[in-house]
There are 2 protein chains.
Amino acid sequence: MLSKKTKYGLKALSYLARQEGNTPVQVGEIASNENIPQKFLESILLTLRKSGCLGSKKGKHGGYYLIKKPSDIIMADVMRVLEGPIALVPCVSLNFYEKCDDCPDEISCSVHKLMIQVRDSTLNVFRNTTLADVSKTSKDMDLIK
Amino acid sequence: MLSKKTKYGLKALSYLARQEGNTPVQVGEIASNENIPQKFLESILLTLRKSGCLGSKKGKHGGYYLIKKPSDIIMADVMRVLEGPIALVPCVSLNFYEKCDDCPDEISCSVHKLMIQVRDSTLNVFRNTTLADVSKTSKDMDLIK
DNA sequence: ATTATTCCTATCGATTTAATAGGAAATACA
DNA sequence: TGTATTTCCTATTAAATCGATAGGAATAAT
């Protein structure tokens, strides 16, 4: 299951991607528009900024803004920052690998093989989706038709 | 992330699938061979039995056994019993649907659309994999070559 | 009877999650 | 210069979940 943190983070990024210019948007505005507790969102945007997904400006008229084009922001990267490993078990994680306590032999572990398949299929989605895809509203989709 | 419960449950099912006959196998045997805490495994096998994935026999010489051919046991079903929803958010779950508190409009929610894609790709794996596939050891794989 | 096993309920400690609190640091602007 | 505004940072909390254990009832074989 996705944590609220991840869900809120994605919605906030999507909100920023839907902005016209690149002027900073305040946490309060995002929070109220997306129904996210403001203080919680504050901490989430902070981690996104620290990981290089966002820029920020302090003080009056400050806020957060994207530092890359939405079409250059890969969801796999965002997901790893917000949610951590994409794999369902650490022993098949590409970026957060850990050996299992209970498995003497990884190669012959039945769970292992299955989880590699799941990881790859999930990764296939996240690697081929950008924030630009995610942030398209249904109104945008109508216009495309 | 996969819970230990699910991981242990999968390993236990796989162990049973690798048995020759269909005579009951005791929890203790599975637990020691798969490095699973026995009491914990007891409760896991109980839920698998209650959900119809396993049969059991009480008393001396009792134990657990598969009631279907491994090739008829679909991983999607097993995963739902052990782990619950396959979807990453309840609002895209086929079997455990729940509305989000924070989304006024599901259709236009950006997270929603992404999560449907992930669900479908994961489901594609779990629906097309049976316990027979999972329980194949690397030794089996060698023999096939 | 005795022994071995599943079945059931309850509980526990540790961890994680979601959220809040309070204030420091920085910035805009009057 | 000073005040309002906003991000930044640390700490804390309440609730939920997870992993595991405890103890014994019910059942079956010998």
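Per chain, numbering begins at 1; letters A, B, ... match sequence-line order.
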Q: Using atom CG of B:N35 as one end and atom P of D:dG19 as the other, report the distance to the nearest whole Å.
A: 17 Å

Q: Taking A:M75 as the fixed residue, which of A:L13, A:T129, A:T130, A:D133 is the one that meets the side chain to side chain contact (heavy atoms under 4.5 Å, CB included) rule?
A: A:T129

Q: Generate the contact string for nucleotides 5-14 of chain C. Rules: B means base contact, S means sugar-phosphate contact only, - means no protein heavy atom under 4.0 Å.
A: BBBB------

Q: CG of A:L41 versus P of C:dT17: gap in Å, rounded?
A: 18 Å

Q: In whole Å, what is the span from the CG atom of A:L82 to the P atom of C:dT17?
A: 13 Å

Q: Can you tell me the distance, in whole Å, between the CD1 atom of A:I44 and the P atom of C:dA19?
A: 8 Å

Q: To the nearest Å, give me how far apart NZ (B:K4) and P (D:dT21) are.
A: 12 Å

Q: Check step by step if side chain to side chain contact (heavy atoms under 4.5 Å, CB included) holds for A:L2 and A:M79.
A: CA-CA 10 Å; A:L2 221 58; A:M79 288 301 297; 3.6 Å; yes

Q: Please write out which residues are connected to A:I67 in a hydrophobic cluster, directly or through intermediates, given that two of Ile, Leu, Val, Met, Phe, Trp, Tyr count as joined at side-chain heavy-atom separations below 4.5 angstrom.
A: A:Y65

Q: Does the side chain of B:Y8 get closer than 4.0 angstrom to OP1 or OP2 of D:dG19 through an N or O atom?
A: no

Q: How long is the straight-line distance from CG of A:L131 back to CZ of A:R18, given to the nearest 0.5 Å?
A: 9.5 Å

Q: Round to a whole Å and report the spacing from NZ of B:K5 to C1' of D:dT21.
A: 16 Å

Q: Do the side-chain N and O atoms of A:E83 and A:S3 include a donor-acceptor pair separated by under 3.5 angstrom?
A: yes

